[in-house]
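Heads up: the structure comes next, in structure tokens.
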Amino acid sequence: MEMLLKVTDAFKSLRETRLSGLRPATEFFDFQRISRPADMNQATSRISYNTRYFSGNYLLIIVLLGVYAVITNYWLLISLIFLVGGFAAINKFAPEATQFGDHTITQKHLYTGLFVIGIPLFWWAGPFGTFFGVLTGSAILILCHASLLEPGVESDYASIQDQV
């Protein structure tokens, strides 16, 4: 129960800090502001401004791509459920040693069995390929969006606010 409270508190703080900066979809997908940058300097300044301005939207893109990648990689999903579920089940149902015939089974034995099966299953699922796929896909999407979208009128006033 205490762990559930920590997770909900973490989501609340994430929502308050990062996702509070979500911009509306109409502003994020404003097709009238899309244009090709004239040169690399303009592209760099657009990327710099848009990554700060749309940081909540970009974080949401990364999370959605990560969830999609885990859901579509069935072995990774099964291995994560096995490891997390096994860890939770051992903590909940086997906090103390259990006598099974002539053998005493402790939490340490259960964790060892869980990791002996779970870690190779997780490794076989290819988490690094999934991670780098999400990293590459989100980087391409974010850089393309940030460089092609012209900053709005409010960007002209951002430099004035920084000086005050």
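By convention here, the first residue in the shown sequence is residue 1. The figures that follow rest on heavy atoms only: side chains count, while hydrogens, waters and symmetry mates do not.
Taking CG of Leu80 as the reference point, atom CG of Leu83 lies at 7.0 Å (rounded to 0.5 Å). Here Leu22 contributes atom CG and Leu59 contributes atom CG; the two are 8.0 Å apart, rounded to the nearest 0.5 Å. Ile34 CD1 to Phe29 CZ: the interatomic distance, rounded to the nearest 0.5 Å, is 9.5 Å. Taken to the nearest 0.5 Å, the CD1 atom of Ile47 stands 11.5 Å off from the CG atom of Leu149.
Hydrophobic clustering of Ile, Leu, Val, Met, Phe, Trp and Tyr side chains at less than 4.5 Å, counting indirect connections, keeps Phe128 apart from Val70. By the criterion of side-chain heavy atoms lying less than 4.5 angstrom apart, applied directly or through intervening Ile, Leu, Val, Met, Phe, Trp or Tyr residues, Ile81 is grouped together with Phe115 in one hydrophobic cluster. Following chains of ILVMFWY side-chain contacts shorter than 4.5 Å, one cannot reach Ile61 starting from Phe131, and the two form parts of different hydrophobic clusters.
The side chain to side chain contact (heavy atoms under 4.5 Å, CB included) search around Leu64 returns Leu60, not counting sequence neighbours. By the side chain to side chain contact (heavy atoms under 4.5 Å, CB included) test, Asn41 pairs with Asp39, sequence neighbours left out. Taking Gln99 as the reference, Thr104 meet the side-chain hydrogen bond (donor to acceptor under 3.5 Å, both in side chains) condition, with sequence neighbours excluded. In this view, Phe54 and Phe28, His145 satisfy the ring pair (Phe, Tyr, Trp, His ring centres under 6.0 Å) rule, not counting sequence neighbours. Residues satisfying the side-chain hydrogen bond (donor to acceptor under 3.5 Å, both in side chains) test with Ser48, not counting sequence neighbours, are Arg52.
Note on residues 64-87: pairs passing side-chain hydrogen bond (donor to acceptor under 3.5 Å, both in side chains), not counting sequence neighbours, are Asn73-Thr130. Sorted by first and then second residue, the salt bridge (Lys or Arg N to Asp or Glu O under 4.0 Å) pairs with a member in residues 138-150 read Arg46-Glu150; sequence neighbours excluded. Sequence neighbours left out, the pairs with a member in residues 86-95 that pass side-chain hydrogen bond (donor to acceptor under 3.5 Å, both in side chains) are Asn91-Tyr111. Counting only residues at least two apart or on different chains, no side-chain hydrogen bond (donor to acceptor under 3.5 Å, both in side chains) pair has a member in residues 114-129.
Judged purely by atom type and a 3.5 angstrom limit, His109 uses its side chain to pair as donor or acceptor with the backbone of Thr106. Side chain of Arg36 to backbone of Leu148: no donor-acceptor contact under 3.5 angstrom is found. Although no hydrogens or angles enter the test, the distance criterion places no donor-acceptor pair under 3.5 Å between the side chain of Glu27 and the main chain of Arg23.
Grouping Ile, Leu, Val, Met, Phe, Trp and Tyr residues whose side-chain heavy atoms lie under 4.5 Å apart, directly or via other members, leaves Val84 alone, with no other cluster members.
The heavy-atom pair separating Ala94 from Leu110 by the smallest distance is CB-CD1, 3.5 Å. For Tyr49 against Pro151, the heavy-atom pair with the smallest separation is CD2-CB, 3.5 Å. Considering every non-hydrogen atom in both Tyr58 and Thr51, the closest pair reads CE1-CA, 3.7 Å.
Contact annotation: the side chain of Thr112 approaches that of Val116 to within less than 4.5 Å [non-hydrogen atoms, C-beta and beyond]. Taking 4.5 Å as the limit, some side-chain heavy atom of Phe122 sits within range of a side-chain heavy atom of Pro127.
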Sequence neighbours excluded and cut-off under 3.5 Å, please list the side-chain donor-acceptor pairs for residues 135-143, or say none.
unit_1	atom_1	unit_2	atom_2	d
Thr136	OG1	Phe132	O	2.8
Ser138	OG	Val134	O	2.8
Ser138	OG	Leu135	O	3.2

